Amino acid sequence: MLYFIDMNTSDIKYVAAYLLPASGFVAVLLGGVWSLLTVLVAFVMIPLAEALLPISVANHPADTEATRRTHKYFSLLLYCNVPIVYGLLLLWLYLATNYEYAVWEIICTSFSVGVVMAANGINVAHELGHRASAFERFLSKLLLLPCMYMQFFIEHNRGHHFHVATRSDPATARYGEALYSFWFRALYGIVVSSWRIEQKRLKQKKLSVYSWQNDLLRFFAYQLFYLFAVFFVFGWLGLGIAVFSALVAVLMLETIDYIEHYGLRRLETSPGKIERVMPKHSWNSNHILGRVILYELTRHSDHHAVSSRQYQVLKHHDESPQLPLGYPGSMLLALVPPLWFRIVNPRVPQSMVEQA
């Protein structure tokens with residue numbers, strides 16, 4: 001436990017990432033008017049706080065990066081999300097199927113659980129999925145399982161980071177594309193892209209695409225088994241809750257994808273050649289609270305510039321396009337396409353618009 005002694009006291013702020021799970025447990029345990037607490041925290045309290053709090057573009061000194069990158073504290077914060085996410089979901093499944101709740105309570109509480117599954121499930125899985133450790137990559141898949149989005153592990157790491165800001169990337173929203181149409185294109189595209197990635201990989205290994213070696217087929221099997229287990233233990237109601245909560249989590253993730261790359265395109269430098277991924281190809285937000293709650297996901301430009309860089313050392317780049325609001329506020333803005341287009345379209349560089 002000695003690694004906690006030399007911890008920078010300012011880094012205690014990352015404990016705030018447990019704010020959403022804490023509100024989720026309150027929503028589950030108290031029910032009633034508390035059912036939507038996590039939604040209110042995520043999309044009312046945090047956006048309002050971000051409007052009042054300062055924005056920080058400061059980066060950590062270069063000479064501290066190596067120490068921060070290897071400090072166990074930052075990884076332990078991520079690992080704790082596995083029992084938290086599973087504990088919250090299983091607790092809600094148990095309570096919902098053993099006690100009487102109004103339909104609106106079930107829907108609202110499941111929505112709150114879905115928000116936690118997105119922020120502390122898929123988001124943390126995203127961070128761990130970029131790690132080299134087999135243990136951390138296993139935890140990534142474990143967090144994606146109840147969200148029914150294990151295909152993300154394939155497409156994001158071996159597709160999105162290669163094709164980002166191009167027409168080939170299902171996770172890059174096109175200029176003028178509304179969020180709701182993007183949802184359908186992204187959900188379909190990630191499966192198609194994952195299949196092609198696995199098809200290519202297995203062909204190189206001279207293995208059948210219809211074998212257990214196909215990660216996509218294996219992930220689908222795991223997810224079906226998970227749903228069967230939920231149904232076996234918690235019945236139809238439990239199955240419905242599990243599916244609905246997963247859907248909320250996935251749509252939140254795809255809304256984040258939407259605001260992260262909307263309208264940005266890598267330009268063609270010569271026939272058939274596209275410029276390399278640079279910080280200007282991702283939208284950024286330096287709103288402090290959102291950065292902490294989402295483990296610095298909002299410094300997305302640097303993440304794409306160096307995908308192996310861990311969250312605690314991500315940097316601000318002056319050339320990165322900046323979102324008008326923090327992530328939660330921008331997600332709400334995206335839900336109203338005319339308003340989103342009016343505010344964000346003028347911020348998209350004209351050179352990228354012409355290429356869209």
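Just so you know, residue 1 is the first one in the sequence shown, and it goes up from there. The structure displayed is predicted, hence computed values, not measured ones.
The backbone N or O of Gly32 sits less than 3.5 Å from a side-chain atom of Glu105, completing a donor-acceptor pair. Between the side chain of Lys13 and the backbone N or O of Ser10 there is at least one donor-acceptor pair closer than 3.5 Å. Put simply, the side chain of Arg291 gets close to the backbone of Ser56: a donor and an acceptor are under 3.5 Å apart. Between the Ser320 side chain and the His317 main chain, a donor and an acceptor come within less than 3.5 Å of each other. Checked by atom type and distance alone, the side chain of Ser194 pairs as donor or acceptor with a backbone atom of Ile190 at under 3.5 Å. Side-chain atoms of Arg68 do not come within 3.5 Å of backbone N or O of Val313 as any donor-acceptor pair. Using modelled atom types, no side-chain atom of Asn120 and backbone atom of Asn81 make a donor-acceptor pair closer than 3.5 Å. Of the possible donor and acceptor atoms, none in the side chain of Asp257 sits under 3.5 Å from a partner among the backbone N and O of Ala171. Within the 3.5 Å criterion, the main-chain N or O of Ala119 finds no donor-acceptor partner in the side chain of Tyr295.
By the salt bridge (charged side-chain N to carboxylate O under 4.0 Å, His left out) test, Glu65 is found to be paired with Arg69, Arg309, Lys315, residues two or more places apart in sequence or in another chain being considered.
Within the 4.5 Å cutoff, the side chain of Tyr188 has no heavy atoms near those of the Trp183 side chain. For the pair Ile259 and Trp340, the minimum side-chain heavy-atom distance is below 4.5 Å. Counting heavy atoms from C-beta on, the side chains of Leu95 and Tyr101 come closer than 4.5 Å.
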Listed pairs under 3.5 Å, donor-acceptor, residues 222-240 side chains, sequence neighbours left out:
| residue | atom | partner | partner atom | Å |
| --- | --- | --- | --- | --- |
| Tyr222 | OH | Arg218 | NE | 3.3 |
| Gln223 | OE1 | Tyr149 | N | 3.2 |
| Gln223 | OE1 | Met150 | N | 2.7 |

Acceptor/donor pairs from residues 85-93 side chains to any protein atom, 3.5 angstrom cut, sequence neighbours excluded:
| residue | atom | partner | partner atom | Å |
| --- | --- | --- | --- | --- |
| Tyr86 | OH | Leu142 | O | 2.5 |
| Trp92 | NE1 | Ser110 | OG | 3.0 |

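Applying side chain to side chain contact (heavy atoms under 4.5 Å, CB included) to Pro21 and the options Ile84, Val115, Val113, Val26 leaves one that passes, Ile84. Each of Lys141, Gln151, Arg158 was evaluated against Asp215; a single residue qualifies, Arg158, per the side chain to side chain contact (heavy atoms under 4.5 Å, CB included) test.
Side-chain heavy atoms closer than 4.5 Å link hydrophobic residues (I, L, V, M, F, W, Y) into clusters, and following such links, even through other members, never connects Leu289 to Val44. In the hydrophobic cluster analysis, where Ile, Leu, Val, Met, Phe, Trp and Tyr join through side-chain heavy atoms closer than 4.5 angstrom, Leu335 is grouped together with Leu187. Under a hydrophobic clustering in which Ile, Leu, Val, Met, Phe, Trp and Tyr are joined whenever their side-chain heavy atoms come within less than 4.5 Å, directly or via other members, Val192 and Phe220 fall into different clusters.
Contact record, Glu155 with Ser193: OE2-OG, 3.0 Å, taken as the closest heavy-atom pair. For the pair Pro321 and Lys280, the tightest heavy-atom approach, listed with the atom from each and the gap, is CD-O, 3.5 Å. The shortest non-hydrogen separation linking Val116 to Leu20 is CG2-O, 3.5 Å. Heavy-atom minimum distance, Leu264 versus Glu260: CD1-O, 4.5 Å. Residues Pro324 and Leu333 come closest through the heavy atom pair CG-CD2, 4.2 Å. In terms of heavy-atom proximity, Gly290 sits nearest to Glu50 at N-OE2, 2.6 Å.
Going from atom NE2 of His261 over to atom CG of Asp169 covers 7.0 Å, rounded to the nearest 0.5 Å. Summarising the geometry, atom OH belonging to Tyr14 is positioned 7.5 Å from atom CD belonging to Gln312; distances are rounded to the nearest 0.5 Å.
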**OP:** List the steps, then state whether side-chain hydrogen bond (donor to acceptor under 3.5 Å, both in side chains) holds for Glu296 with His303.
**Re:** CA-CA 9 Å; Glu296 302 288 358; His303 169 68; over 6 Å; no
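In summary, the side chains of Asp302 and His304 do not present any donor paired with an acceptor at a separation below 3.5 Å, with no hydrogens or angles considered. Residues Thr38 and Ser23 have side chains that bring a donor and an acceptor to within less than 3.5 angstrom of each other. Counting only N and O atoms by type, the side chains of Tyr262 and Asn345 include a donor and acceptor under 3.5 Å apart. No donor-acceptor contact under 3.5 angstrom links the side chains of Ser301 and Ser282, judged on distance only. For Asn286 and Arg299, the side-chain atoms include at least one donor-acceptor pair closer than 3.5 Å.
Aromatic ring centres of Phe43 and Tyr327 lie farther apart than the 6.0 Å criterion allows.
The aromatic rings of His156 and His126 sit perpendicular, their planes meeting at an angle over 60°, well past the 30° parallel limit.
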